[in-house]
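One-based numbering along the sequence shown. These values consider heavy atoms only, across backbone and side chains, with no hydrogens, waters or symmetry-generated copies. Atoms within each ligand, like the ligands themselves, are counted from 1 in listed order.
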Amino acid sequence: MQTSQPPMPRYLKEDELSQECTTLLSTLPAERGWVCSAFYNYQGFWHNARQLQGVLSCQKHFQAQDTDILLVTTPKSGTTWLKAILFTLVNRIRFPPTQDDHPLLSNNPHMLVPFLELKLYVEDESPDLSSFVSPRLFSTHLPYVSLPKSVHDSQCKLVYLCRNPKDTFISLWAFTNKLRLQEMGTNSLEQVFDKFCKGVSLYGPFWDHMLGYWQESLKNPEKIYFLTYEEMKEQPSLHLRKLADFLGCPFSSKEEEENVVESILKICSFDNLSNLKVNKEGKLPSGENNSAFFRKGEVGDWKNYLTTEMVERLEKICEEKLHGLGLKF
Ligand code: PAP
């Protein structure tokens with residue numbers, strides 16, 4: 001029996017590439033992919049073809065403004081959650097978080113904070129961003145070395161989020177199995193794990209992604225706020241207040257009295273968002289089910305999937321690549 005496949009998101013397509021992208025791809029190191037047929041290494045990180053076209057357009061055309069806020073994440077590190085939080089935080093005067101018709105109640109967070117290279121610049125080489133109100137909120141998975149020049153040249157702020165690689169891997173494996181091309185068959189956990197550990201993964205190697213932002217956040221803490229999923233889970237109020245300070249919109253004493261911090265965390269919570277009709281039944285215009293972005297939302301789910309050998313291998317990589325620099329999970 002033929003099972004029905006959701007339409008493939010545009011960033012996973014491998015046709016309709018620009019001449020510039022096709023020419024570039026022919027010069028790049030390539031590896032067999034596990035979502036698309038191939039990954040290409042561009043500026044030290046792995047991308048699939050169509051997504052790379054979005055990267056090139058974004059690098060060429062995106063003009064950051066001083067007031068912009070960019071959420072940068074490694075895939076499956078809690079992007080959806082942080083999109084919800086940042087949107088609610090910076091728009092809390094326009095849309096009080098307790099409001100019955102708050103936009104989050106009827107829109108998936110990915111619709112409120114669009115991806116640059118995976119959405120805006122993959123659909124249009126130079127999209128019209130004039131309808132975005134200030135402060136404009138965008139998101140990206142781009143590594144630090146690949147950010148558009150205007151991001152460095154402007155005063156815009158970056159919030160960086162990453163996650164324990166063991167949980168990130170399981171979340172990514174589960175998610176990509178839902179998106180995979182039918183003709184590519186099933187990816188075993190072992191095969192994909194091996195690629196992940198070699199860095200051959202969407203926007204991998206994960207350690208270089210993290211290190212790029214970690215080092216820059218130490219040099220320039222006014223520009224980059226570095227956060228992990230686990231920290232946010234453990235002390236959400238603390239980090240929400242710190243984010244508000246970092247973004248120049250601290251909570252007033254009146255807001256503290258009115259428990260605005262708690263209201264924001266409540267509306268953005270996994271329980272609330274995952275149970276909304278829009279996230280249970282809705283789809284993104286690209287075809288992904290909104291529900292795919294809400295799986296378990298827990299710390300430590302890797303224990304249910306990874307063998308002792310896998311854990312040792314990944315922990316060794318983290319130890320070697322990340323610990324010397326003070327970055328711990
Ligand atoms: P993306 O990179 O495709 O945008 P992203 O949102 O970063 O995905 O990651 C999804 C993970 O965040 C899922 O983790 P899991 O697979 O381990 O369950 C998802 O459940 C989790 N997540 C989504 N929303 C929330 C939330 N409100 N609170 C906590 N975790 C969440």
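Judged by the 6.0 Å and 45° rule, Lys157 forms a cation-pi pair with Phe246.
Atoms of ligand 1 found under 4.0 Å from any heavy atom of Ser269, numbered from 1 in the order shown, are 27 (N). Under a 4.0 Å criterion applied to the non-hydrogen atoms of Pro75, ligand 1 contributes the atoms 2 (O). With ligand atoms numbered from 1 in the order given, ligand 1 contributes 2 (O) to contacts under 4.0 Å with heavy atoms of His141. Against a heavy-atom cut-off of under 4.0 Å, Phe294 is close to the following atoms of ligand 1: 20 (O), 23 (C), 24 (N). Close contacts of ligand 1 with Gly297, meaning ligand atoms under 4.0 Å from a residue heavy atom, involve 15 (P), 18 (O), 20 (O), 30 (N). Every atom of ligand 1 with a heavy atom of Gly78 under 4.0 Å away is listed here by number and element: 5 (P), 6 (O), 7 (O), 9 (O), 12 (O).
Checking only distances, Thr74 never comes within under 3.5 Å of ligand 1, N or O to N or O. Remark: ligand 1 and Phe115 share no N or O pair separated by less than 3.5 Å (distance only, no angle test). On a distance-only criterion, Thr80 and ligand 1 share at least one N/O pair closer than 3.5 Å.
Between His110 and ligand 1 there is a heavy-atom distance shorter than 4.0 Å. The shell of residues lying under 4.0 angstrom from ligand 1, judged by heavy atoms, excludes Ala174.
Checked by atom type and distance alone, the side chain of Lys195 pairs as donor or acceptor with a backbone atom of Arg32 at under 3.5 Å.
The line from CG of Leu147 to CG of Leu142 is 6.0 Å long, rounded to the nearest 0.5 Å. Atom CZ of Arg313 sits about 11.5 Å away from atom CG of Leu306, to the nearest 0.5 Å. Separating the CG atom in Leu86 from the CH2 atom in Trp81 is a distance of 11.5 Å, to the nearest 0.5 Å.
Nearest-residue assignment for atom 7 (O) of ligand 1 (options Thr79, Asp167, Ile267, Leu273; heavy-atom criterion): Thr79. Atom 21 (C) of ligand 1 has its nearest heavy-atom neighbour, among Tyr229, Tyr203, Trp302, in Tyr229. For atom 14 (O) of ligand 1, the candidate residues are Arg163, Lys233, Arg295; the nearest heavy-atom contact is made by Arg163.
Shortest contact from atom 19 (C) of ligand 1 to any protein heavy atom: Phe293 O, 3.3 Å. Of the protein's heavy atoms, Trp81 CG, 3.4 Å lies nearest to atom 26 (C) of ligand 1. Atom 13 (C) of ligand 1 has as its closest protein heavy atom Ser171 OG, 3.6 Å. Among protein heavy atoms, the minimum distance from atom 31 (C) of ligand 1 is reached at Phe270 CD1, 3.7 Å. The closest protein non-hydrogen atom to atom 8 (O) of ligand 1 is Lys76 NZ, 2.9 Å. When only non-hydrogen protein atoms are considered, atom 27 (N) of ligand 1 lies nearest to Cys268 O, 2.9 Å.
Residues Phe95 and Ile267 have side chains not in contact (no heavy-atom distance under 4.5 Å, counting atoms from C-beta outward). Residues Leu202 and Asn48 form a side-chain contact, since some pair of their non-hydrogen atoms from C-beta on lies under 4.5 Å apart.
Heavy atoms of other residues, nucleotides or ligands lying less than 6.0 angstrom from NZ of Lys266 number 12 at most.
When ring centroids are compared, Tyr121 and Phe115 stay outside the 6.0 Å threshold. Ring centroids of Tyr144 and Tyr213 are separated by less than 6.0 Å, placing the two rings close together.
Salt bridge present: Glu20 and Lys60 bring a charged side-chain N and a carboxylate O closer than 4.0 Å.
If you run ring pair (Phe, Tyr, Trp, His ring centres under 6.0 Å) between Phe196 and each of Phe169, Trp173, Trp34, only Phe169 comes through.
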